[in-house]
Amino acid sequence: MKFRHISSALLALTLSATALPGLANAKVVVLGWPGGSEETALRATTDLYNKTASDADKVELLFFNRDGFFDKLQADMAAGSNAFDVNLVATYSIGRYAPYMEPVELNAEASKVFGDTVLKTMQFDGKQYGVPTDLSLHFMYYRKDLIDALMADPEAKAKYAEISKKFLGKELAPKQPDGWTWDDWAATSLYFSKQVNRRSPVRYGTVLQMKNLLFNMMVFQSLPRSYGGDWTDASGKVTIDSDAYKTALKLYKTLYDAGASPKDSLSYEYAETNAAYSSGQAATALQWNAAAAELTDPKKSPAVADVTSVVAPPAGPNGRTDHIHGLGLGLNKNAKNKEGAVKFLTWLSSEDAALAYARAGGSPALTPDVVAKVAKERPDLVKLGEFASKYGYVMTGATSAKALSVYELQAKEFTGYWSGQQSLEDALAHTKTGMQDLLKK
């Protein structure tokens, strides 16, 4: 799932054990993410744990409202709240909570169950702060019927080469999507755009998420990452003004200016991308894995479900890369029952617990050997785990206390460039200056 809406408004009520009826006698209180598959899976998994746990270790669950969740959690933890022993944590907010949490030692099976890349989504300053429960990354969705027709048509291939030469400076031949580079994807997107190719059977080659929104930067950044881009180098120097980012930003603008994506893409995020692709008028879309449930469902997307396939994002000079972030659970420094909390977290990071969580509807990223045990029940998790382990990354600095602010800054400046309001040089200069302030220690 994609975790998209974070309100800055704080809830008026401050948590306390006495203000929460029914929790006063709880042994281990776990604060989870409310609603959706995450809550459903956590409830089911907790019920399983409680069947064998001692009375002193039994778990009770607590859920805030989603509105203002992250701000409220930080306020409560900063105030020393002990109303919960275990709390939710997200990759992009670990740095905010780390001062109020304690690192945890996971189950000895954890590396085998999740893989090191996924475990890193819950790490800060080299320490493990949580058990990864639900993961988000990106799939490249594409119309296999359109690609197959292109590959079988000599005249179409010639037109494809002509278009790629004109817009990208090189003659390219069509490929199957699992072998795409970003240039291959761009050429395909241009070919399937009526503004570029009047013979295209659809109006657009792709759907770009270009709205001034922090989560759109997570979708975009796998492109510069595959060219070697990062937020900072090992010494902490901001490197956003790299050739990798310049190449990536210019490629998006080339596609947008050519009409390969709808002109109102500057207002697009998750929902608009799904709507545009499911209409049957787009050939590709780089979109969150959560969209698979909609875009491949014949009832929800009848125009494209039966002809849609997914692969990992295209490759750059540094190979394929796929942004990952996750939700997890970690230990409150002020927990009343640390011993019981640690027992629960240790169990939650075991193979049995991870499989139970998956069967209950959660989205853990599991290694191939482990996910194979639930592949028939949860085929979507096979690609999730495969892509996460092979291509997943977290930008250097993306778990810091100001990570969300960095994404917000990038969204503002990059959208300004794509919309023609400022030059590429100005966009990167403003972003670098802002990031230096946000990431300084």
Side-chain angles (χ1 to χ4, degrees), residues 1-7 35-37 66 136-147 149 177 180 185-186 188-197 200-223 251-314 322-323 325 363 380 383-384 387 407 411 414-415 418-419:
M1 170 180 183
K2 184 164 86 78
F3 313 108
R4 302 161 51 221
H5 300 294
I6 300 177
S7 170
S37 60
R66 284 198 185 206
S136 287
L137 47 66
H138 303 116
F139 290 164
M140 178 61 78
Y141 298 81
Y142 71 94
R143 289 276 301 274
K144 58 186 177 183
D145 58 331
L146 299 180
I147 299 298
W180 279 350
W185 165 71
T188 302
S189 298
L190 290 161
Y191 174 85
F192 284 113
S193 302
K194 281 197 178 294
Q195 193 166 321
V196 174
N197 176 19
S200 173
V202 292
R203 292 182 64 186
Y204 303 107
T206 194
V207 187
L208 301 177
Q209 300 186 40
M210 304 175 79
K211 182 179 180 179
N212 180 2
L213 181 75
L214 67 95
F215 291 104
N216 286 348
M217 294 301 99
M218 299 176 185
V219 179
F220 162 73
Q221 71 179 6
S222 289
L223 204 174
L251 187 60
Y252 255 48
K253 188 164 177 58
T254 295
L255 294 179
Y256 177 71
D257 289 348
S261 186
K263 279 301 177 186
D264 54 350
S265 295
L266 291 167
S267 65
Y268 278 20
E269 55 168 306
Y270 180 84
E272 291 80 7
T273 299
N274 275 10
Y277 181 84
S278 64
S279 72
Q281 288 301 312
T284 73
L286 183 62
Q287 175 65 304
W288 297 90
N289 61 290
E294 178 177 337
L295 300 181
T296 61
D297 185 335
K299 293 182 179 179
K300 295 179 179 179
S301 302
V304 298
D306 291 338
V307 292
T308 292
S309 290
V310 299
V311 292
D322 202 340
H323 163 92
H325 71 243
S363 297
D380 58 307
K383 285 193 184 321
L384 179 69
F387 294 174
Y407 281 122
F414 294 173
T415 298
W418 290 326
S419 63

More than 12 heavy atoms of other residues, nucleotides or ligands under 6.0 Å from NZ of Lys253: is that the case? yes

Taking atom types as modelled and ignoring hydrogens, do the side chains of Gln209 and Glu272 form a donor-acceptor contact shorter than 3.5 angstrom? no

Is the closest side-chain donor-acceptor distance between Thr284 and Tyr277 under 3.5 Å? no

For Thr206 and Leu286, run side chain to side chain contact (heavy atoms under 4.5 Å, CB included): C-alpha distance rounded to whole Å, both residues' side-chain angles, the deciding distance at 0.1 Å, then the answer. CA-CA 8 Å; Thr206 194; Leu286 183 62; 5.9 Å; no

Would Phe414 and Tyr252 count as a close aromatic pair, with their ring centres under 6.0 Å? no

Closest non-hydrogen atoms of Arg143 and Ala282, given as atom of the first, atom of the second and distance, are CG-O, 3.6 Å

Side chain to side chain contact (heavy atoms under 4.5 Å, CB included) between Thr188 and Trp180, worked out: CA-CA 10 Å; Thr188 302; Trp180 279 350; 3.7 Å; yes

Taking the basic N atoms (NZ, or NE/NH1/NH2) and the acidic carboxylate oxygens, is any pair closer than 4.0 Å for Lys299 and Asp297? no

Any donor-acceptor pair under 3.5 Å linking the side chain of Ser301 with the backbone of Pro298? no

When every non-hydrogen atom of Ser200 is compared with those of Ser193, the smallest separation belongs to OG-N, 3.8 Å

Quick check: do Phe192 and Arg203 have side-chain heavy atoms less than 4.5 Å from each other? no

Can you measure from CG (Leu137) to CG (Leu384) and round to the nearest 0.5 angstrom? 5.0 Å

Has the side chain of Lys300 got a donor or acceptor atom that lies under 3.5 Å from a matching backbone atom of Ala305? no

Could you check if a side-chain atom of Pro313 sits within less than 4.5 angstrom of a side-chain atom of Met140, using non-hydrogen atoms only? no

Minimum heavy-atom separation for Ala258 to Val196, with atom names? O-CG2, 3.6 Å

Do side-chain atoms of Asp322 reach the backbone of Phe387 as a donor and acceptor pair under 3.5 angstrom? no

So, for Ala303 and Ser278, which heavy atoms are closest and what is the spacing to 0.1 Å? CB-O, 3.6 Å

Glu269 and Phe215, any side-chain heavy atoms less than 4.5 Å apart: no

Between the side chains of Gln195 and Tyr204, does any donor sit under 3.5 Å from an acceptor? no

May I ask you to check whether Asn274 and Glu294 show a side-chain donor-acceptor distance below 3.5 Å? yes

Going through the checks in order, is the side chain to side chain contact (heavy atoms under 4.5 Å, CB included) test met by Asp380 and Asn289? CA-CA 9 Å; Asp380 58 307; Asn289 61 290; over 6 Å; no

Is there a side-chain contact between His138 and His323, using heavy atoms and a 4.5 Å cut-off? yes

Looking at Val202 and Gly280, what are the two nearest heavy atoms and their distance? CG1-O, 3.4 Å

What distance do Ser419 atom OG and Leu266 atom CG have between them, rounded to the nearest 0.5 Å? 6.0 Å

Test side chain to side chain contact (heavy atoms under 4.5 Å, CB included) applied to Ile147 and Tyr142, step by step: CA-CA 8 Å; Ile147 299 298; Tyr142 71 94; 3.9 Å; yes

For Trp418 and Phe220, I'd like to know if the aromatic rings sit close, meaning centre-to-centre distance below 6.0 Å. yes

Ser309 side, atom OG; Asp145 side, atom CG - distance, nearest 0.5 Å: 9.5 Å

Do Ser261 and Leu255 make a side-chain contact, defined as non-hydrogen atoms from C-beta onward lying under 4.5 Å apart? no

Any donor-acceptor N/O pair, Asn216 side chain to Tyr268 backbone, under 3.5 Å: yes

I need the minimum non-hydrogen distance between Tyr407 and Met218, along with the two atoms involved. CE1-CE, 3.6 Å

